[in-house]
Every structure is written in C-alpha cells, then in structure tokens.
Protein chains: 2
Amino acid sequence: MRRPLRRDARERRDKLLAAAQREFAAHGVDASLEKIARDAGVAIGTLYRHFPTRLDLLMAAFQPRLQEFLDGANKALEMNDPWEGFVYYLEHLFGMQAGDRGFNDFLSRRFTDSAETERIHDEMCQQIVDMLTRAQEAGEARCDITLADIVNLIWSNGRIIEATSATAPNAWRRYLYLMLDAYRAERAHPIPEPPMTYEQLYDAMVHLSEAQ
Amino acid sequence: MRRPLRRDARERRDKLLAAAQREFAAHGVDASLEKIARDAGVAIGTLYRHFPTRLDLLMAAFQPRLQEFLDGANKALEMNDPWEGFVYYLEHLFGMQAGDRGFNDFLSRRFTDSAETERIHDEMCQQIVDMLTRAQEAGEARCDITLADIVNLIWSNGRIIEATSATAPNAWRRYLYLMLDAYRAERAHPIPEPPMTYEQLYDAMVHLSEAQ
DNA sequence: GCGGAAAGGGAGGTCGCCCTCACCATCGCT
DNA sequence: AGCGATGGTGAGGGCGACCTCCCTTTCCGC
C-alpha cells in the first residue's frame, strides 16, 4: 500500500513531469535526463528517485497525451462514412505526431519490457485494423493493404515531420493527402511486394528502439 | 602541387577508406571516427592527418558510390517511356539507399560548407526535376507534384529502410509501388496543402544535418 | 517542538565521443 | 648509408551523457 507523497515530493514530481513533457516533445524520447532535471530545477538524484528508469518517466509524462489521442480516435470510429473516418483518424494521428516529437518516437517503437506500453500499442494497432477494414469493406480503400502499410506510413510521416517541422510545419498534411490517393481502391495498381507480416512489423519496431 | 603519398601513407589511407565505407554503410554518416580508425588498425591521429574533417572522409569514401549512382541515373534518362524511366530512377535510388545507410543520410542532408557536396546535390535535384517533368508532360505523372514531393519520398523511404532493413529487407519496394500509385495522373484527387518551396526544402535538409 | 522517516542533493565514477600535439618511426632521395 | 621530411602514434583534455550513493535537509505525526 503506497502512502501519499509528501508535499515537497509531490511538487518536485510535478515539475519533473512538466519539464519531461517539454523536453520529450522537443527532442524525442531519447532526450537527456540530466537536462530534464536541470530544467525542472531539481537534482538528478531526485529525478532517479521518482522515476528509476527512463521508461517510468516516459509513461508518466505521456499518460495525458495518450488519453487525448485515444479519445480523438473514438470520434473517428463513430463517423458514418468509413473513408472519412479513416482520413480523420490519420489526420488526427499525424497532427499529434507533428506537435510532439516524443509522441512521434513513441508511436514508432516498441518497449518490450513495459507491459503497459505494449498494451497501448496493441490497442492502437487494433484501432487501425478496424478503421482500415471498415474502409475496405465499403470498397473505398484498396484491399491489398494491411496494418503494416499504415505503420510504414506512420514511420515515414515521423521522418517528414523531423525534417520539415522547422521550415514547413504543414508539409506532413500534404504528404498525407498524397498517400491517401495511394490507398484509394479506384486508383489501385498491383504491388510487386507482399505486405510485411505482423512479426516483421513487431521486430522492426523493437529494432528502432534498440538502435537508439 | 601535391607530391604523391609515401607508400606507407597510401596503404593506411586505403585501409581507412575501406573501414569508413563499412562503418558509414552500417551506421550512417554520424558513425564514430574512433571506431573507423580502430577497424582500420590505425591510430586516431592518422585518421585526422589524412582527413582533417568528417566531411573530407565522407567525400573520399562516397566518391565511388556517387559515381555508381549517377551512372545508373543516366540509364533512366535514356529510357523511352517517361513513366518507366521515372520508376526505374526511383527504384534504383531506393535500392541504393537500402544498401547503404551512409548514402541514405547523405541524400537527405545538405552540408553547407562543402561546395563539392552541394554541387552533387544540385545535380541530383536537376535529374529529379527532369525525370518528373518528362513524366508529367507525357500525362502519366500528376501535375500538382514537385521536386519537394520527391524529396519527401526520399526522406520517408530512408526512415522505412532504417526500420525494416533487419527484418523485411524488401519492404521499401512495396512502399515505393504504393507511392507510385499516389503519383499517377489518372483520377488524382486535389491536395489541400501547397508543395514546399525550394527554399523550405533546402532549409529542411540543412536542419537534418544540424540536429544530428 | 522533536525525532525519525521520507526526500533531496550533487559530487564522482564510467563511458564513448571529438580532436590536438609533442614526440617517435619510417621512407626514399641523394 | 644517412638524413631530413613525411607520416604515425596515442595519451590526454574536454564534453555530455548515464547512474549511484552517502550525506544533508525537510516534512509531519505525535
């Protein structure tokens, strides 16, 4: 049974979380923990007392963003037109990637030793599959694409945002609308490579975490 | 007037270049120079004597790759069908990106203090413009895309390769063929964002270099 | 207001990277 | 063969990151 935090501890914890949100948003999930502590006006030892691992801090800092995202996603599922829902979902997701580099990194990677992040990732994958299937069954999205193709899209959008955020902050949106034309059933041409399997996809996300 | 290198100097220089090619290919243009020296069986001071800056080493190591690329590109320009040439060019480019992470990085960035790399980049941009214009004039590629869209494509392909090279080494090819469907003129849908200007594009490439 | 538990602090060890420089080794011209 | 120029070496200084641990400070219940 965890007793409530002492007042001073609570305050410093909050400052750390605020600083972490800023730093992760600006520099991605590999941001310097020492800089976060400095920004929070707190000693590095204090950061480690509250958050023994980087992942602990990450999860605490991203909780609100993730909730916000999941809420937005539900709206997409409630839309009547499957294609519109699909577009809305991706636009919402891309917009959040653009606004937060940490969220961007978080989406692209798997953190195998956190059951909590794994659960969130699984949930998002499920949402994407639902979205895509609905659009495919309505005959709007081409039938030869899978979850893995959408994850590829998320990865590549992440890169475009890294490149353009400082100079052309809306470039990702243009890229998305181009990509949507690639996904329409009416324009589909055969693709010479099979989709990635789920396992390949998973391994690739783990790989991104390991290669920093 | 540069006199020829002493025999021992020439040998060590060659070993350094070979090690640099391996390391850059495996870890990108930010690979550790100390590791390159170690791999070459040479002291770090020797590396710096031959190549005072990272860019000097980079250029020396990439010269052959770049030549190889430019040769392949010429083939594309000689093809009769403009669309086929366009596809061939991109497939060739993507394949080289997939085989060499250093080349991949090199494509995405600008190194402002090297006239030589700037020249090469300018040349590639010109090739792309020629390629694209030809395909557009033949009515095969949609008219509302520009050089910047192709550079976006190169960036995003770079990211997909980073993610998938270890688990699904041909995933980039699937992505390319999907993207090609986005570029076809037939039944193109309007895009709500304007293309990036050349200046935005240039700044974005410089930005990628600075943020490591 | 006091005592002990909870929390904070930050110096310091480790690592990998960049880059320099004073000294030593080697080559090759004569 | 000998000597000067050319080239090689690697310790060492600087940096910024990670993480630990012991000592000090602060809180809060009694």
Side-chain angles (χ1 to χ4, degrees), chain A residues 1-20 22-24 26-61 101-102 105 109 111 113-114 209-212, chain B residues 1-20 22-24 26-61 101-102 105 109 111 113-114 209-212:
Chain A
M1 163 80 210
R2 301 208 57 76
R3 350 185 355 167
L5 287 175
R6 235 166 63 178
R7 179 168 44 77
D8 56 344
R10 171 111 206 108
E11 276 166 11
R12 283 177 169 85
R13 189 173 188 281
D14 289 347
K15 277 192 210 156
L16 277 168
L17 280 179
R22 282 195 306 272
E23 282 304 302
F24 286 139
H27 300 111
V29 301
D30 298 317
S32 156
L33 298 184
E34 295 202 324
K35 180 148 199 307
I36 290 176
R38 269 200 309 278
D39 278 21
V42 143
I44 184 66
T46 305
L47 184 150
Y48 279 97
R49 173 181 289 279
H50 283 283
F51 307 102
T53 73
R54 178 183 291 270
L55 209 47
D56 293 328
L57 179 54
L58 256 183
M59 281 308 292
R101 191 165 157 202
D105 288 349
R109 305 187 187 181
F111 305 91
D113 37 65
S114 156
S209 304
E210 283 162 359
Q212 334 147 13
Chain B
M1 164 80 209
R2 303 207 58 73
R3 351 184 354 165
L5 287 176
R6 234 166 63 178
R7 179 167 45 77
D8 55 342
R10 169 113 203 106
E11 277 166 12
R12 284 178 170 84
R13 189 173 189 281
D14 289 347
K15 277 191 209 158
L16 276 169
L17 279 179
R22 283 195 305 272
E23 282 303 303
F24 287 139
H27 300 112
V29 300
D30 298 316
S32 156
L33 298 185
E34 295 202 326
K35 181 149 197 309
I36 289 176
R38 270 199 309 277
D39 277 20
V42 143
I44 182 67
T46 305
L47 184 150
Y48 279 98
R49 174 180 289 280
H50 284 283
F51 307 102
T53 73
R54 177 183 292 270
L55 209 47
D56 292 328
L57 179 54
L58 256 182
M59 281 309 292
R101 191 163 158 203
D105 288 350
R109 305 187 188 179
F111 305 93
D113 37 65
S114 156
S209 303
E210 283 163 358
Q212 337 146 11

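Because only heavy atoms are used, hydrogens play no part in the values below, and waters and symmetry mates are left out as well, while side chains stay in. As the structure is a prediction and not an experimental result, all values here were calculated from the model. Reminder, nothing fancy here: chain letters follow the sequence lines and each chain counts from 1.
- Among C:dG9, D:dG7, C:dC18, the nucleotide with an atom closest to any side-chain atom of B:Leu5 is D:dG7.
- If you check D:dT9, D:dA17, C:dC17 against the side chain of B:Glu34, the one that comes closest is C:dC17.
- Between the P atom of D:dC18 and the NZ atom of A:Lys35 lies a distance of 12 Å, rounded to the nearest Å.
- At D:dC27, none of the side-chain N or O atoms of A:Arg10 fall inside 4.0 Å of OP1 or OP2 (strictly under the cut-off).
- Between the C1' atom of C:dG8 and the CZ atom of A:Arg13 lies a distance of 16 Å, rounded to the nearest Å.
- Comparing atom distances between the A:Arg7 side chain and each of C:dC18, D:dC18, D:dC28 picks out D:dC28 as nearest.
- The closest donor-acceptor contact from the side chain of B:Arg54 to the backbone of B:Ala31 lies under 3.5 Å.
- Contact check, A:Ser32 against D:dG16: no side-chain N or O comes under 4.0 Å of OP1 or OP2.
- Remark: B:Glu23 CD to B:Arg101 CZ distance equals 11.5 Å, nearest 0.5 Å.
- Each of B:Asp8 and B:Ile44 has a nearest nucleotide on DNA chain C; the 5'-most of these lies closest to B:Ile44.
- As judged by a 4.0 angstrom heavy-atom cut-off over every strand, B:Thr46 is placed among the base-contacting residues.
- Remark: A:His27 NE2 is loosely packed, at most 12 non-hydrogen atoms of other residues, nucleotides or ligands lying under 6.0 Å away.
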A:Ile36/A:Leu57 under side chain to side chain contact (heavy atoms under 4.5 Å, CB included): CA gap, chis, key distance, verdict: CA-CA 10 Å; A:Ile36 290 176; A:Leu57 179 54; 4.2 Å; yes
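- Across B:Lys15 and B:Ala40, no two heavy atoms sit closer than the pair CD-O, 3.5 Å.
- Atoms NE2 (A:His27) and P (D:dG16) sit 14 Å apart, rounded to a whole Å.
- Checking D:dA17, D:dG10, C:dG8 against the side-chain heavy atoms of A:Arg38 singles out D:dA17 as nearest.
- Picking from D:dC19, D:dC28, D:dG7 the nucleotide with the shortest atom distance to the side chain of A:Arg6 gives D:dC28.
- Listed nucleotides C:dG8, D:dG7, C:dC18 differ in distance to B:Arg54; the shortest reach to its side chain belongs to C:dC18.
- Between A:Arg49 and A:Ala31, the residue anchored closer to the 5' end of DNA chain D is A:Ala31, taking for each the nucleotide with the nearest heavy atom.
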